[in-house]
Amino acid sequence: MKTYPNVFIFDHPLIKHKVSILRDKNTGMKEFRELIEEITTVMTYESMRDVELVPVEVETPLEKTVQYRVKEESIAIVPILRAGLGMVNGVHNVFPTARVGHIGMYRDEETLEPREYYCKLPEGIEDKTVFLVDPMLATGGSACDALAALKKRGVKKIKFMAIIAAPEGIEKVAAEHPDVPVYVSTLDRCLNEHGYILPGLGDAGDRLFGTK
Ligand code: PRP
Ligand code: URA
């Protein structure tokens, strides 16, 4: 696959370890949910290397010093429903006060086209850095439409985070949204004829919520 300046694929041994358990069809719902959260927390740390810091004066037991903090109120999380919900706690572990918006998308199983069915965003989202999260980036249709929906509502700074991606999805997002940094824990081989990622982990929403 071509490389893109805005696409960051993690190559972290700890993430490899956790993703290998996530993929296993014998991993149950509780462990699956916990792993999605843990991987998201690690990814959040890694994707915030460019975060803006503000100086603050701190008094230690010994002296006053100028230190640097993240403006937590400038961070928001937007999961793509349903499976993105599984990543919210992972970002909240790093930014506990981040507001949460929701975008509902489902893929039409025949055409694989995404359909938006819900969108509720926190007030003032235009001025925040938004983590758009979804564990699976397959054809890229859902991510591209969610990114367009956020931009249409005035959001200027977005980071998209997915746990597993197919090359097809990365290419689509990189082509349609070259301004958006994309963080992916694992790049998989390809899509099958039903739009599932191979080797993948199956249907992330069903495994998170036990619907099948
Ligand atoms: C899954 C996944 C993504 C989308 C990825 O959601 O969570 O949102 O598919 O596929 P794409 O890149 O081809 O658009 P799904 O539509 O199955 O809905 P769900 O989360 O409600 O299960
Ligand atoms: N959505 C999923 O949940 N899994 C895939 O492999 C592709 C899309």
Side-chain angles (χ1 to χ4, degrees), residues 1 4 6-7 9 18-29 31-37 39-40 43 77-91 100-121 130-151 158-178 180-212:
M1 195 191 72
Y4 298 90
N6 62 320
V7 177
I9 298 169
K18 289 186 185 295
V19 168
S20 80
I21 306 170
L22 203 58
R23 291 187 194 282
D24 190 330
K25 66 177 186 184
N26 296 313
T27 297
M29 185 177 73
E31 197 180 359
F32 190 89
R33 193 170 58 230
E34 289 167 354
L35 284 162
I36 292 273
E37 179 178 330
I39 294 167
T40 305
M43 292 180 74
I77 313 165
V78 176
I80 301 179
L81 304 179
R82 286 175 305 165
L85 285 174
M87 297 175 74
V88 173
N89 284 351
V91 184
V100 183
H102 296 86
I103 292 191
M105 296 267 176
Y106 70 91
R107 290 199 310 177
D108 182 306
E109 291 195 356
E110 297 283 306
T111 63
L112 300 182
E113 286 298 315
R115 304 258 177 272
E116 181 181 316
Y117 62 87
Y118 186 75
C119 185
K120 179 90 180 168
L121 302 173
V130 172
F131 277 96
L132 180 68
V133 294
D134 191 327
M136 309 304 279
L137 177 61
T139 64
S142 306
C144 281
D145 282 15
L147 287 166
L150 289 176
K151 288 180 179 177
I158 313 172
K159 288 171 181 281
F160 176 63
M161 211 155 56
I163 294 183
I164 295 194
E168 294 88 332
I170 290 187
E171 276 160 14
K172 186 171 167 72
V173 176
E176 290 185 22
H177 298 279
V180 173
V182 175
Y183 301 91
V184 167
S185 99
T186 307
L187 174 64
D188 270 9
R189 199 172 70 247
C190 61
L191 297 176
N192 72 8
E193 66 277 21
H194 304 295
Y196 275 86
I197 300 175
L198 295 176
L201 48 71
D203 188 303
D206 285 340
R207 294 194 64 183
L208 272 166
F209 300 112
T211 34
K212 265 195 190 145

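The figures that follow rest on heavy atoms only: side chains count, while hydrogens, waters and symmetry mates do not. The structure displayed is predicted, hence computed values, not measured ones. Order of appearance sets the numbers: ligands from 1, and atoms from 1 within every ligand.
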Please report which non-hydrogen protein atom sits nearest to [atom], along with the residue it belongs to and the distance in Å to one decimal place.
atom: atom 18 (O) of ligand 1; result: M105 O, 4.0 Å
atom: atom 13 (O) of ligand 1; result: T139 OG1, 2.5 Å
atom: atom 14 (O) of ligand 1; result: S142 OG, 2.5 Å
atom: atom 15 (P) of ligand 1; result: R107 N, 4.3 Å

Inset, instruction - Give the single entry among R82, K172, E113 that approaches atom 19 (P) of ligand 1 most closely by any heavy atom. - result: R82
Contact between [X] and [Y] at the side-chain level, heavy atoms closer than 4.5 Å - yes or no?
X: I197; Y: L191; result: yes
X: D145; Y: I103; result: no
X: Y196; Y: M136; result: no
X: N6; Y: H177; result: no
X: I163; Y: L22; result: yes
X: I158; Y: K151; result: yes
X: T211; Y: R82; result: yes
X: R23; Y: T186; result: yes

Inset, instruction - Using protein heavy atoms only, decide if any is under 4.0 Å from atom 1 (C) of ligand 1. - result: no
Legend entry - Within-cutoff protein neighbour (heavy atom, under 4.0 Å) for atom 6 (O) of ligand 1: no
Inset, instruction - Check whether any side-chain N or O of N89 sits under 3.5 Å from a backbone N or O of E37 as a donor-acceptor pair, and report yes or no. - result: no
Inset, instruction - Return the protein residues near ligand 2 (heavy atom under 4.0 Å from any of its atoms), ordered by chain and residue number. - result: R107, M136, A138, G195, Y196, I197, G202, D203, A204
Legend entry - Non-hydrogen atom of P114 closer than 4.0 Å to ligand 1: no
Legend entry - Proximity flag D134 to ligand 1, non-hydrogen atoms under 4.0 Å: yes
Using a 3.5 Å cut-off on N or O atoms only, is [X] in polar contact with ligand 1?
X: A83; answer: yes
X: G140; answer: yes
X: G205; answer: no

Legend entry - Atom indices of ligand 1 within 4.0 angstrom of Y106 heavy atoms, with elements: 16 (O)
Inset, instruction - May I ask you to list the atoms of ligand 1 that are less than 4.0 angstrom from any heavy atom of D203? - result: 22 (O)
Legend entry - Atom pair CG/NE2 of L85 and H102 - distance to nearest 0.5 Å: 5.5 Å
Legend entry - Nearest-0.5 Å distance that lies between atom SG in C190 and atom CE in M1: 13.5 Å
Legend entry - Shortest non-hydrogen separation from F32 to T27 and the atoms involved: N-CG2, 3.9 Å
Inset, instruction - Identify the two heavy atoms, one from G210 and one from M29, that lie closest to each other, and give their separation to 0.1 Å. - result: N-SD, 3.5 Å
